There are 2 protein chains.
Amino acid sequence: MTETNVSFRALSESCKTCSLAELCLPRGLQNEEMQRLDDVIKTRCVVHSGDMLFKEGNRNRSIYAVRSGSVKTFTVMESGDEQILGFHLPGEIIGLAGLDEAIHNCSSKALETSSICELPLDELETICLQIPSLQKQLLKLISREISQDHKMLLLLAKKNSDQRVATFLLSLSGRFKLRGLSSQSFILSMSRQDIANYLGLAVETVSRILTKLSDDKVIDVTRRAIQIVNHDRLLEIADS
Amino acid sequence: MTETNVSFRALSESCKTCSLAELCLPRGLQNEEMQRLDDVIKTRCVVHSGDMLFKEGNRNRSIYAVRSGSVKTFTVMESGDEQILGFHLPGEIIGLAGLDEAIHNCSSKALETSSICELPLDELETICLQIPSLQKQLLKLISREISQDHKMLLLLAKKNSDQRVATFLLSLSGRFKLRGLSSQSFILSMSRQDIANYLGLAVETVSRILTKLSDDKVIDVTRRAIQIVNHDRLLEIADS
DNA sequence: CGGCTGCTTGAAATGAGTCAACATAGGTGG
DNA sequence: CCACCTATGTTGACTCATTTCAAGCAGCCG
């Protein structure tokens with residue numbers, strides 16, 4: 001299910017504070033330049049929970065922008081089980097890894113009904129040559145992805161289970177806030193299993209920690225609805 | 001200690017198979033284009049074991065190429081202890097994270113006497129606008145960094161200590177081979193402490209596993225000298 | 001030749017995983 | 001619309017891999 005003629009301007013205005021917007025907004029692109037960007041966006045597709053966006057091994061030099069909803073990216077190990085590499089909210093860009101092989105080296109699946117835009121990289125690169133500030137922004141975006149991954153490496157290498165879950169909740173909270181949504185209360189679009197997988201823990205551990213945090217009045221948990229009651233304490237736990 | 005006038009051509013020819021070379025070689029740049037690249041390289045500096053290359057928080061939009069020797073990159077946590085993000089061999093490029101803030105968000109320290117080249121990003125970007133293939137290469141390079149980090153996330157989230165150490169040795173082995181060095185026997189430039197830190201393990205665990213691998217005739221360990229005796233078995237252990 | 005740092009080894013402690021049972025919500029079909 | 005069924009999530013008891021603590025060893029530098 002795809003529609004054409006999605007405007008980059010409309011896209012970026014729908015989430016002014018996020019990666020996607022930054023791709024074109026910060027340097028104040030000219031109208032003509034904007035038009036060029038708009039032309040790049042070939043398709044916008046709507047996917048439903050469980051649908052695959054792209055698959056590891058797909059020959060497709062594109063990146064994708066999440067417009068609404070949320071998705072996860074993951075790789076599948078030889079053993080068959082998956083490792084989740086990230087959860088992606090509206091305005092975030094995915095598919096930045098594996099551009100070197102022109103083959104996606106991770107897969108992406110929708111966590112709920114989501115709207116996604118595809119940006120063919122070849123065309124994006126061409127436009128970057130014409131709009132210097134756009135090239136800069138693209139580099140920044142990718143660089144930020146690396147920084148994010150580094151934070152995750154630290155989490156997995158050094159933090160214990162309490163710290164991991166607390167850090168995870170704070171990360172989501174911060175990202176919701178950035179998008180003008182409540183940082184205090186939000187709905188998890190991913191299962192406990194997905195959270196556990198992402199954080200390198202067992203489902204049972206995640207469940208226990210959420211229960212503990214709830215008992216301690218740090219958060220309030222009702223199924224997938226999270227309310228952060230004591231933000232400071234959560235921060236304390238995350239960085240112990 | 002810096003010298004000027006380091007040629008990109010010389011640089012890339014000294015390690016034909018690695019990231020640095022790929023930055024300019026694959027598309028067959030013209031001589032004139034090569035000259036532009038050469039001009040970008042401002043300084044080449046020689047650092048000694050323990051010297052800092054760049055520091056977290058430094059305001060410096062540059063990336064660095066390891067010409068000889070080896071370095072580690074790491075962040076320092078609130079608690080004060082460091083998390084090593086990667087070890088970097090000749091031909092590899094570092095400093096790709098944090099370009100978004102124009103501030104290094106990790107530090108880098110030499111593991112042995114090493115020669116490093118600095119590439120100011122602003123100038124590199126300018127040249128990218130003039131040489132389209134260079135822009136492509138730069139993107140590929142950064143993208144590969146992300147792929148590498150994703151492999152590491154998987155390692156930390158899913159692999160046990162045996163698998164981690166085996167994977168680490170195989171990674172080094174493969175990278176040495178890529179550089180025309182022996183993939184069978186090599187010297188570790190990093191301490192057990194650094195390996196443990198990088199792999200999210202305790203020093204003692206790393207030591208024990210190396211001893212066990214040695215007892216099992218999979219590798220031969222003499223202090224920091226490693227010899228891979230049974231490569232297939234090591235692969236088996238890494239992916240179990 | 002000390003003394004230092006890096007490495008190894010053993011024994012004990014523990015955090016998180018595994019296994020198993022149970023609870024609950026949401027979806028499906030009678 | 002209700003009853004059932006399956007998914008997902010929770011909880012408890014036990015196990016085990018890895019860490020921690022402690023001690024000893026070996027190479028290396030001044």
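Naming: A, B, ... by sequence-line order, numbering from 1 per chain. All values reported here derive from a predicted model rather than from experimental measurement.
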Find every protein N or O atom lying less than 3.5 Å from an N or O atom of nucleotides 11-14 of chain C, and list the pairs.
none

- When we call it a touch if two heavy atoms are under 4.0 Å apart, what does A/L210 touch: a base, just sugar-phosphate, or nothing?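 Since no nucleic acid heavy atom lies under 4.0 Å of A/L210, the category is nothing.
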
- Does the pair A/K217 and A/N230 meet the rule for a side-chain contact (heavy atoms from CB on, under 4.5 Å), with working shown? CA-CA 7 Å; A/K217 305 266 185 290; A/N230 190 339; over 6 Å; no

- Query: Do any of residues 155-169 of chain A sit with a heavy atom less than 4.0 Å from DNA chain C, and if so which?
  - Reply: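 The stretch gives A/N160, A/S161 as the residues lying under 4.0 Å from the strand, ordered by number.
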
- Is A/K72 salt-bridged to A/E82, going by a charged N under 4.0 Å from an acidic O?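 A salt bridge is present here (some side-chain N lies under 4.0 Å from a carboxylate O).
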
- Message: Do the side chains of B/E92 and B/R175 get close enough for a salt bridge, i.e. N-O under 4.0 angstrom?
- Response: yes

- Query: Side-chain N or O of A/T205 less than 4.0 angstrom from OP1 or OP2 on C/dA16?
  - Reply: no

- Message: Taking only side-chain N and O atoms of B/T211, does any of them lie within less than 4.0 angstrom of OP1 or OP2 on C/dT9?
- Response: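 Answer yes for this pair, as a side-chain N or O of B/T211 is under 4.0 Å from OP1 or OP2.
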
- Go through B/D239 and B/Q163 one step at a time and tell me if the side-chain contact (heavy atoms from CB on, under 4.5 Å) criterion holds. CA-CA 7 Å; B/D239 299 331; B/Q163 296 173 310; over 6 Å; no

- Message: So does A/A110 get a backbone contact from the side chain of A/D51, meaning a donor-acceptor N/O pair under 3.5 Å?
- Response: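 Not a single qualifying donor-acceptor pair exists.
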
- Message: I'd like to know if the side chain of B/S173 reaches the main chain of B/L169, judged simply by a donor and an acceptor atom lying under 3.5 Å from each other, with no hydrogens or angles considered.
- Response: no

[X] side chain near [Y] side chain, heavy-atom distance below 4.5 Å:
{"X": "A/I94", "Y": "A/S108", "answer": "yes"}
{"X": "B/V218", "Y": "B/I228", "answer": "no"}
{"X": "A/L199", "Y": "A/M152", "answer": "yes"}
{"X": "A/I219", "Y": "A/Q227", "answer": "no"}

- Message: Between the opening five pairs and the closing five pairs of the helix from C/dC1-D/dG30 to C/dA23-D/dT8, how far apart are the helix axes, to 10°?
- Response: 40°

- Message: Under a 3.5 Å cutoff, is there a donor and acceptor pairing between the side chains of A/H88 and A/S70?
- Response: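 Short answer, no.
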
- Message: Checking side-chain polar atoms at under 3.5 Å, does A/E118 have a donor or acceptor matched by the opposite partner on A/S62?
- Response: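 Checked: A/E118/A/S62 side chains pair up, N/O donor to acceptor below 3.5 Å.
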
- Query: Is the glycosidic torsion of C/dA16 within 90° of 0, making it syn, or is it anti?
  - Reply: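 Chi for C/dA16 falls in the anti range.
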
- Min and max contacting nt of DNA chain D in 5' to 3' order, chain B heavy atoms within under 4.0 angstrom, are D/dT18 to D/dG27

- Qualifying residue, where the test is side chain to side chain donor-acceptor pair (under 3.5 Å) with B/Q83 and the options are A/K158, A/K159, A/K151: A/K158

- Message: Between A/E204 and B/E204, which residue's closest nucleotide on DNA chain C lies nearer the 5′ terminus?
- Response: B/E204

- Note on the structure: Taken in chain and number order and not counting sequence neighbours, the residues that satisfy ring-ring contact (aromatic ring centres under 6.0 Å, His included) with A/Y64 are A/F54, A/H104

Show each protein N/O and nucleotides 4-7 of chain C N/O combination with a separation under 3.5 Å, one pair to a line.
unit_1 : atom_1 : unit_2 : atom_2 : d
C/dC7  : OP1    : B/R224 : NE     : 3.1
C/dC7  : OP1    : B/R224 : NH2    : 3.4
C/dC7  : OP2    : B/R192 : N      : 3.0

